[in-house]
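Have a look at the structure below, then the notes.
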Amino acid sequence: MTKNKKTLIIGATTKPERAAFKAIGMLVSRGHSVIALGQNAGEVAGVKINTKAIPIKNIDTISLYINPTRQRDYYNYIVEAKPKRVIFNPGTENPEFYQLLELNNIKFEIACTLVLLTLDKY
């Protein structure tokens, strides 16, 4: 098992059919610390969903589940968090944001958190 990678999920939801919901469950089951941020409060796999961006430190990965238009509201928040990487899950691809991350020396991947976890490449 890989070491605990503290992960922030942006776009968290209590809807079991959504990839963000599945990602939270899979991350928790594999021993990763998870912080969840979503539009609606709730809880998934014991993780409380915050509806407001909370200050975060020592974050390894931010996994995005929101469309590029909504991502703009989080640009500064994500850059200031200084994650080791940002994962753009399917449907969240955003060339404008890639450039901002590169300017701030933040790595990013266009990938699927669920697939990375399944293949043990997270």
Side-chain angles (χ1 to χ4, degrees):
M1 181 185 287
T2 56
K3 69 177 178 67
N4 176 3
K5 292 187 177 172
K6 188 174 176 187
T7 302
L8 170 64
I9 300 285
I10 298 180
T13 178
T14 56
K15 296 177 182 171
E17 69 277 8
R18 303 299 299 254
F21 178 97
K22 293 173 183 165
I24 293 169
M26 195 179 280
L27 285 160
V28 168
S29 73
R30 292 175 187 227
H32 298 286
S33 302
V34 179
I35 300 165
L37 184 57
Q39 282 191 298
N40 301 306
E43 192 174 296
V44 177
V47 176
K48 179 182 170 235
I49 298 174
N50 297 289
T51 56
K52 294 195 178 357
I54 58 167
I56 51 172
K57 288 188 164 117
N58 304 318
I59 201 82
D60 183 89
T61 302
I62 296 178
S63 186
L64 298 175
Y65 290 94
I66 56 174
N67 70 50
T69 304
R70 288 197 44 231
Q71 289 171 24
R72 286 192 189 114
D73 294 337
Y74 295 96
Y75 284 2
N76 289 337
Y77 177 67
I78 291 169
V79 168
E80 287 170 15
K82 296 181 178 64
K84 290 191 177 130
R85 68 175 168 170
V86 175
I87 297 175
F88 289 85
N89 287 280
T92 67
E93 298 87 353
N94 184 349
E96 176 183 273
F97 197 12
Y98 304 160
Q99 290 180 335
L100 181 60
L101 292 170
E102 283 177 344
L103 285 172
N104 287 278
N105 297 312
I106 298 171
K107 292 180 181 159
F108 64 89
E109 289 181 56
I110 299 143
C112 175
T113 297
L114 294 170
V115 171
L116 292 172
L117 286 163
T118 301
L119 297 175
D120 213 16
K121 305 257 187 220
Y122 192 77

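Reckoned from all heavy atoms, side chains included, excluding hydrogens, waters and symmetry mates.
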So does Q39 have more than 12 non-hydrogen atoms from other groups sitting under 6.0 Å from CD?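 No, not enclosed.
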Measure the [atom1]-[atom2] distance between [X] and [Y] for me, rounded to the nearest 0.5 Å.
X	Y	atom1	atom2	value
L117	S29	CG	OG	8.0 Å
E102	F108	CD	CZ	4.5 Å
N94	T69	CG	OG1	8.0 Å
E17	K22	CD	NZ	8.0 Å

Side chains of [X] and [Y] in contact at under 4.5 Å (non-hydrogen atoms):
X	Y	answer
E96	R72	yes
F88	L101	yes
N40	I49	no
I62	Y74	no
I59	I35	yes
D60	H32	no
E109	L116	yes

Closest approach of [X] and [Y], non-hydrogen atoms and distance?
X	Y	result
I10	I78	CD1-CD1, 3.8 Å
A20	T13	CB-CG2, 4.3 Å
S63	T113	OG-OG1, 2.6 Å
I9	A23	CD1-CB, 4.3 Å
L64	T92	O-CG2, 3.5 Å
P83	I106	O-CG2, 3.6 Å

Is it true that [X] and [Y] fall in one hydrophobic cluster, defined by side-chain heavy atoms closer than 4.5 Å?
X	Y	answer
M26	V115	no
I54	L8	yes
Y77	I87	no

Y122 ring centre to R85 NZ or CZ under 6.0 Å, with the angle to the axis within 45°?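 Yes, a cation-pi geometry holds between R85 and Y122.
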Main chain of K57, side chain of K6: is a donor-acceptor contact present, judged purely on distance under 3.5 Å?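 Present.
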